[in-house]
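The block underneath contains the structure these notes are about, expressed in structure tokens.
Quantities reported herein were computed from a predicted structural model and do not represent experimental measurements. Every chain is numbered from 1 and lettered A, B, ... according to where its sequence line falls, protein lines coming before strand lines.
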Amino acid sequence: AQKITQTQPGMFVQEKEAVTLDCTYDTSDPGYGLFWYKQPSSGEMIFLIYQGSYDQQNATEGRYSLNFQKARKSANLVISASQLGDSAMYFCAMDMEYGNKLVFGAGTILRVKS
Amino acid sequence: DVKVTQSSRYLVKRTGEKVFLECVQDMDHENMFWYRQDPGLGLRLIYFSYDVKMKEKGDIPEGYSVSREKKERFSLILESASTNQTSMYLCASSSTPAGTKNIQYFGAGTRLSVL
């Protein structure tokens, strides 16, 4: 069965610094997708970034980048130049090649300090 | 922009009540999902639907049912609410993906308390 592990329950980062949120996954499927979502205190889940297992390059979306290491089965989210508005819960998720369901990790709470 | 709307942000119900959580999406998505979110457990899938009148069980369907009579609306039903169903409930929708890019779009969530 597919599984997502986020080992950091909580993280602190100073404003304007970069931070890495860890995500490891377990699957035997050759094709899969990896996602990161942000959940502010308001509750809505916001899609941030996607990485396909066949993609040759790491995904980037503005200040977000995904450090994809396929052999290690890790898909860490890097947020550059942290802002106070980045304080939120962050979830890593995975999809299978022939399915529409996402499997989520337990999440990491990020707090940005001024 | 995709919009997924959940009918209530907060609900307080009594044990044994029948509870309806409503979700509407405006992007003509085929797929809709109901999750519950609990601290330390992430999001767990309750039910999902690939089409009108179709439904499939997720990982934790016990104590829940769903209804999808129209493409844009997906309802979660707690037949007889219990205190262990106190949780945050999130609805999501997605189009049928090409490959693995199955981006799900979420509503704001309903925080349900069962007393």
Chain A contacts, top residue of B/D38, B/L41, B/L43, B/L45 (heavy-atom pairs, under 4.5 Å): B/L43
Residue among B/Q6, B/R44, B/Q37 with most heavy-atom pairs under 4.5 Å to chain A: B/Q37
Give a yes or no on whether [X] and [Y] share a hydrophobic cluster (residues Ile, Leu, Val, Met, Phe, Trp, Tyr; joining criterion: side-chain heavy atoms under 4.5 Å apart).
{"X": "B/Y35", "Y": "A/M45", "answer": "yes"}
{"X": "A/M94", "Y": "A/Y64", "answer": "yes"}
{"X": "A/L77", "Y": "A/M11", "answer": "yes"}
{"X": "B/L76", "Y": "A/F104", "answer": "no"}
{"X": "A/L102", "Y": "A/F47", "answer": "yes"}

Part of residues 106-115 of chain B lying next to chain A, heavy-atom separation under 4.5 Å: B/F106, B/G107, B/A108
Contacts with chain A made by residues 55-65 of chain B (heavy-atom distance under 4.5 Å), listed by residue number: none
Tell me whether the count of non-hydrogen atoms from other residues, nucleotides or ligands lying under 6.0 Å of [atom1] in [X] goes above 12.
{"X": "A/K70", "atom1": "NZ", "value": "yes"}
{"X": "B/R9", "atom1": "CZ", "value": "yes"}
{"X": "A/K73", "atom1": "NZ", "value": "yes"}

Gap between atom [atom2] of [Y] and atom [atom1] of [X] - 0.5 Å precision:
{"X": "A/Y50", "Y": "B/I103", "atom1": "OH", "atom2": "CD1", "result": "8.5 Å"}
{"X": "B/M88", "Y": "A/Q39", "atom1": "CE", "atom2": "CD", "result": "5.5 Å"}
{"X": "B/F33", "Y": "A/K101", "atom1": "CZ", "atom2": "NZ", "result": "9.5 Å"}

With B/S7 via side chain to side chain donor-acceptor pair (under 3.5 Å) - residues at least two apart: none
A/D55: partners by side chain to side chain donor-acceptor pair (under 3.5 Å), with sequence neighbours left out: none
Selection from A/A93, A/G107, A/S42 maximising heavy-atom pairs under 4.5 Å formed with chain B: A/S42
For the student: nearest non-hydrogen atoms of B/G40 and A/A106, plus distance: O-CB, 3.5 Å
Which portion of B/L90 sits near chain A, non-hydrogen atoms under 4.5 angstrom: side chain
B/Q104 backbone acceptor or donor facing A/Y37 side chain under 3.5 Å: yes
